[in-house]
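Reckoned from all heavy atoms, side chains included, excluding hydrogens, waters and symmetry mates.
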Amino acid sequence: MQYQTESWGSYMPTRSSMGGDPLERIERMASENAVVIFSLSSCCMCHAIKRLFCGMGVNPTVYELDEDPRGKDLERALMRLLGTSSAVPVVFIGGKLVGAMDRVMASHINGTLVPLLKEAGALWL
């Protein structure tokens with residue numbers, strides 16, 4: 001596996017050997033780091049979420065689904081998980097699903113995002 005660092009956090013391509021059920025893969029990927037974002041490289045809302053976390057001093061792990069050979073399967077699984085027609089961005093903090101852009105922004109505005117990040121060990125302030 002190859003790792004690249006981007007300006008907004010860690011970019012981790014998924015392993016092609018990670019087979020099995022897409023929901024199980026998502027659960028496993030989401031639990032490996034404090035903050036995980038499932039994204040598309042061309043998605044403006046995904047970019048906004050990544051910038052939000054970086055601006056807070058958080059270094060999220062980002063999975064760009066359009067750069068993964070099995071990304072479409074993961075996208076479909078995320079849509080089923082969220083019950084929406086749009087799969088990204090999706091944020092997990094501490095291995096737990098926070099949700100899409102609307103849920104993350106609502107948590108940020110109402111003050112519950114920072115405690116979640118602290119509890120997950122992603123923010124120390």
Side-chain angles (χ1 to χ4, degrees):
M1 179 184 319
Q2 188 177 24
Y3 295 90
Q4 287 178 282
T5 302
E6 295 190 9
S7 61
W8 50 71
S10 300
Y11 164 72
M12 296 180 63
T14 57
R15 292 183 204 114
S16 58
S17 62
M18 290 177 72
D21 178 56
L23 285 174
E24 289 176 9
R25 288 183 63 212
I26 289 167
E27 184 178 324
R28 185 171 48 245
M29 293 160 74
S31 66
E32 291 175 349
N33 296 284
V35 178
V36 174
I37 301 172
F38 290 92
S39 172
L40 292 174
S41 58
S42 61
C43 170
C44 63
M45 291 302 187
C46 297
H47 180 74
I49 282 288
K50 292 180 262 192
R51 298 291 300 165
L52 170 69
F53 284 110
C54 287
M56 298 174 76
V58 174
N59 188 27
T61 298
V62 177
Y63 291 102
E64 299 290 357
L65 299 180
D66 54 332
E67 297 175 7
D68 182 302
R70 295 186 182 157
K72 287 289 182 197
D73 292 337
L74 294 175
E75 271 188 80
R76 284 189 288 273
L78 287 166
M79 283 188 269
R80 284 194 313 269
L81 187 64
L82 293 173
T84 63
S85 60
S86 176
V88 293
V90 178
V91 176
F92 288 81
I93 298 176
K96 297 175 185 162
L97 174 65
V98 174
M101 180 78 158
D102 58 339
R103 301 293 293 278
V104 174
M105 292 308 294
S107 297
H108 181 53
I109 290 166
N110 72 23
T112 59
L113 185 60
V114 169
L116 278 175
L117 293 168
K118 286 181 180 178
E119 185 180 322
L123 193 61
W124 295 276
L125 298 176

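- Shown here for Leu82 and Ala87, the closest heavy-atom pair between the two residues is CD1-O, 4.2 Å.
- Using a 4.5 Å heavy-atom threshold, the side chains of Asp66 and Lys72 count as separate.
- Residues Val58 and Pro60 share a closest heavy-atom pair of O-CD, 3.1 Å.
- Closest non-hydrogen pair, Val62 versus Ser39, comes out as CG1-CB, 4.0 Å.
- Once rounded to the nearest 0.5 Å, the distance linking OG of Ser31 with CD1 of Ile26 reads 12.0 Å.
- Shortest non-hydrogen contact noted between Ala48 and Met101 is CB-CE, 3.8 Å.
- Shortest non-hydrogen contact noted between Ala122 and Val35 is CB-CG2, 3.6 Å.
- Using cut-offs of 30° and 60° on the angle between ring planes, the pair Phe38 and Phe92 is perpendicular.
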Exercise. Which is it for Lys96 and Glu119 under the side chain to side chain contact (heavy atoms under 4.5 Å, CB included) test, yes or no, and what are the steps along the way?
Worked result: CA-CA 12 Å; Lys96 297 175 185 162; Glu119 185 180 322; 4.2 Å; yes
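- The pair Glu64-Lys50 meets the salt-bridge criterion, with a side-chain N (NZ, NE, NH1 or NH2) lying under 4.0 Å from an Asp/Glu carboxylate O.
- Between Phe53 and Leu113 the shortest side-chain heavy-atom distance falls below 4.5 Å.
- By the 4.5 Å heavy-atom criterion applied to side chains, Ser41 and Cys46 are not counted as neighbours.
- Between Arg76 and Asp73 a salt bridge is recorded (basic side-chain N to carboxylate O distance below 4.0 Å).
- To the nearest 0.5 angstrom, Asp21 atom CG is 5.0 Å from Leu23 atom CG.
- Between Met105 and Leu52, the closest side-chain pair of non-hydrogen atoms falls below 4.5 Å.
- Two residues are said to be in side-chain contact when any heavy atoms from C-beta on lie closer than 4.5 Å; Val36 and Val91 fail this criterion.
- The environment of Met45 atom CE is sparse: at most 12 non-hydrogen atoms of other residues, nucleotides or ligands sit within 6.0 angstrom.
- From Leu78, atom CG reaches atom OG of Ser86 across 10.0 Å, with rounding to the nearest 0.5 Å.
- Using a 4.5 Å heavy-atom threshold, the side chains of Leu116 and Leu123 count as separate.
- Once rounded to the nearest 0.5 Å, the distance linking CZ of Arg70 with CD of Glu75 reads 15.5 Å.
- Closest of all the heavy-atom pairs between Pro22 and Leu74 is O-CD2, 3.8 Å.
- Distance SG/Cys43 to CG/Leu65: 10.5 Å, rounded to 0.5 Å.
- Residues Val90 and Leu97 meet the side-chain proximity criterion, which asks for heavy atoms closer than 4.5 Å.
- In this structure, the side chains of Thr61 and Met29 stay at 4.5 Å or more apart for every pair of heavy atoms.
- Note: the hydrophobic cluster containing Val88 does not contain Met79 (ILVMFWY, side chain heavy atoms under 4.5 Å, direct or indirect links).
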